[in-house]
Every structure is written in C-alpha cells, then in structure tokens.
Amino acid sequence: AADQISLALRNAQAFDTQREMTKRQFILYEVLRIAGGQHSPSNVMNLAVAAIARLTHWLNISISTPVDNTQHWVIRAASGNLVNRVGCIYDFNQGIIGRAMRTREIQHAPDVSHDPDYFAGQVATRSELAVPLLNGGRFWGVLDIQNELVNGFAHDDILLAESLAGAVALALDNARLYSDVEAFLSEIGALY
C-alpha cells in the first residue's frame with residue numbers, strides 16, 4: 001500500500017509539473033502570436049504588456065527602454081498601477097529597472113524594502129522582477145513585473161518572465177527588420 005501511495009504521489013507531482021510547463025508554453029505562444037505580428041515597436045510593447053497581464057496573475061507590468069544616447073530610461077508600455085508612469089524618464093542609476101539597464105542581467109528583489117536601488121512610487125510594490133529584453137546580442141530594454149507581496153515570484157514565475165522577455169525582444173527585432181526593409185524598398189523606389 002505504501003508503494004502504491006508513493007507512486008500515486010510521484011505521478012501527481014509529475015502531472016502538476018507537466019501542467020505548469022504546458023501553461024507556460026501556452027502563455028509564451030499567445031504573447032508571441034499577439035506581439036509577433038506587429039510592425040511597430042510601440043505596438044509590440046503595448047500588446048505584449050496587455051497580453052502578459054491578461055494571461056498571468058501579474059498586474060503591474062511595464063516595458064522600459066533606454067533613451068537614445070543618454071544615461072536615461074523611459075517607461076514605454078505598462079499595465080495596472082503603472083499605466084500613469086508611461087512616458088516618465090529616469091536616470092540609469094534610479095531603480096531596479098535602472099540596475100537591469102546598467103547590468104543587462106535579471107534583477108530579482110524578493111523584498112524591495114531591503115533593496116538599495118528601489119525607489120518608492122505610487123504602486124504598493126513589495127517584490128520586483130526586472131528582466132532584460134535581449135535577442136541576438138541586441139538589448140531592447142527591460143520587462144519589469146511588480147508584485148504586492150513579499151517573495152511574490154516563484155522559480156516558475158522567473159522562468160516564465162525570462163521566456164516572455166526573450167519573446168518580446170524577438171518581436172521587437174522583427175518589427176525593426178520590417179521597418180528597415182520598408183525603408184530600403186522606399187529608397188529603391190525613390191532611386192528608380
């Protein structure tokens with residue numbers, strides 16, 4: 001009987017693991033499908049944030065990008081309580097997002113009250129996850145997720161955020177390539 005119970009528990013754990021992986025893959029597929037068909041980086045960012053917010057339990061999500069040739073970053077798209085911060089510009093030395101911009105590495109703050117780079121805003125953030133948007137060596141910015149709970153991100157959440165950041169970066173690269181091809185064709189047309 002003990003062997004049967006042990007086997008049933010292992011099967012249940014395997015089933016739960018498989019279900020979580022399937023859920024992550026579905027979310028990733030949907031975000032890629034929605035954002036990947038866009039031809040403008042702005043649309044990619046706005047639709048990706050909306051899709052991620054709709055498909056996950058994360059409410060406060062933003063995508064920030066560096067401001068050209070400066071040491072500043074700007075919030076380009078957001079959901080939840082971060083919507084009113086779209087367009088706000090910050091210094092690279094400000095915030096967990098700024099640290100992710102500088103280091104181009106994942107920044108996970110399980111409790112923001114213990115993080116020296118966290119600066120309080122209007123959002124009741126207790127934990128934060130900032131994931132760089134990287135694709136093929138090109139840095140686009142940072143996907144930031146804020147949670148109202150301390151230790152609000154499990155290991156699976158971090159894995160999902162990394163996958164989503166990669167998908168958004170890929171969609172941004174595709175939008176840039178589309179713009180480059182359109183510009184090239186327009187040039188060729190003008191020369192012709």
Side-chain angles (χ1 to χ4, degrees), residues 12-13 16-28 30-31 35 44-67 70-135 139-169 172:
Q13 287 174 330
D16 285 344
T17 301
Q18 187 64 37
R19 185 176 54 209
E20 282 301 312
M21 285 178 50
T22 302
K23 180 181 168 187
R24 277 200 316 259
Q25 288 174 341
F26 173 76
I27 292 169
L28 183 60
E30 280 296 301
V31 170
V44 168
M45 290 184 262
N46 285 316
L47 289 173
V49 165
I52 293 168
R54 182 175 51 82
L55 295 167
T56 66
H57 61 278
W58 307 326
L59 301 175
N60 301 312
I61 303 167
S62 69
I63 293 179
S64 301
T65 62
V67 176
T70 69
Q71 291 295 307
H72 296 87
W73 55 274
V74 61
I75 297 176
R76 300 283 182 189
S79 71
N81 295 328
L82 298 173
V83 169
N84 61 352
R85 291 192 180 176
V86 171
C88 292
I89 297 175
Y90 302 94
D91 188 81
F92 265 26
N93 293 320
Q94 286 183 292
I96 295 168
I97 296 173
R99 188 170 66 219
M101 292 274 180
R102 289 190 316 271
T103 64
R104 298 187 180 181
E105 295 176 356
I106 294 173
Q107 301 299 316
H108 178 212
D111 183 351
V112 295
S113 67
H114 299 299
D115 193 296
D117 288 329
Y118 176 73
F119 62 94
Q122 300 163 344
V123 181
T125 300
R126 299 297 306 276
S127 57
E128 187 170 353
L129 181 62
V131 185
L133 300 170
L134 294 164
N135 185 50
F139 175 71
W140 282 97
V142 172
L143 170 66
D144 186 66
I145 305 146
Q146 298 180 15
N147 198 313
E148 296 170 355
L149 302 173
V150 172
N151 295 315
F153 300 103
H155 179 69
D156 285 346
D157 292 327
I158 296 169
L159 292 176
L160 177 58
E162 285 181 278
S163 297
L164 290 169
V168 172
L172 287 167

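The model shown is predicted, which means the values in this text are computed figures rather than measured ones.
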Indicate yes or no: at least one non-hydrogen side-chain atom of Leu143 is less than 4.5 angstrom from one of Ile52.
yes
Test item: Val74 and Thr65 side chains (from C-beta on) under 4.5 Å apart, heavy atoms
yes
Closest approach of Ile96 and Ala109, non-hydrogen atoms and distance?
CD1-CB, 3.6 Å
Rounded distance (nearest 0.5 Å) linking atom OH of Tyr118 with atom CD of Gln107
15.5 Å
Closest heavy-atom pair, Ala48 versus Ile63, reported as atoms and distance to 0.1 Å, is CB-CD1, 4.4 Å
Spacing of CE belonging to Met101 relative to CG belonging to Asp91, to within rounding of 0.5 Å
11.5 Å
Locate the shortest heavy-atom distance separating Phe92 from Pro66; write the atom from each residue and the value.
CZ-CB, 4.1 Å
Within a strict 4.5 Å, meaning less than it, do heavy atoms of the Ser127 and Val150 side chains meet?
no
Taking the side chain as every heavy atom from C-beta outward, state whether Met45 and Leu172 have any pair of such atoms under 4.5 Å apart.
yes
Side chain to side chain contact (heavy atoms under 4.5 Å, CB included) with Ala50: which residues, sequence neighbours excluded?
none
Which pairs count as side-chain hydrogen bond (donor to acceptor under 3.5 Å, both in side chains) when at least one residue sits in residues 153-167, sequence neighbours excluded?
Arg24-Asp156
Taken to the nearest 0.5 Å, the spacing of Asp144 CG from Trp73 CH2 works out to 7.5 Å
side-chain contact (heavy atoms from CB on, under 4.5 Å) between Trp58 and Leu160, intermediate numbers included:
CA-CA 11 Å; Trp58 307 326; Leu160 177 58; 3.8 Å; yes
Nearest heavy-atom approach of Asp117 to Asp115 is N-OD1, 2.8 Å
Any Ser64 side-chain heavy atom under 4.5 Å of Tyr90 side chain
no
First locate atom CD of Glu128, then atom NE2 of His108, and finally report the distance between them rounded to the nearest 0.5 Å.
10.0 Å
Do the side chains of Ile75 and Leu82 get nearer than 4.5 Å, heavy atoms only?
no
Rounded at 0.5 Å granularity, tell me how far CG in Leu59 sits from CZ in Arg54.
14.0 Å
CG of Leu164 to CG of Leu55, rounded to nearest 0.5 Å, is 9.0 Å
Show the nearest heavy-atom pair for residues Ala78 and Val49, with the distance to one decimal.
C-CG1, 3.5 Å
I want to check something: taking the side chain as every heavy atom from C-beta on, are Gln146 and Asn81 in contact at a cut-off of under 4.5 Å?
no
Closest heavy-atom pair, Pro132 versus Ala165, reported as atoms and distance to 0.1 Å, is O-CB, 3.6 Å
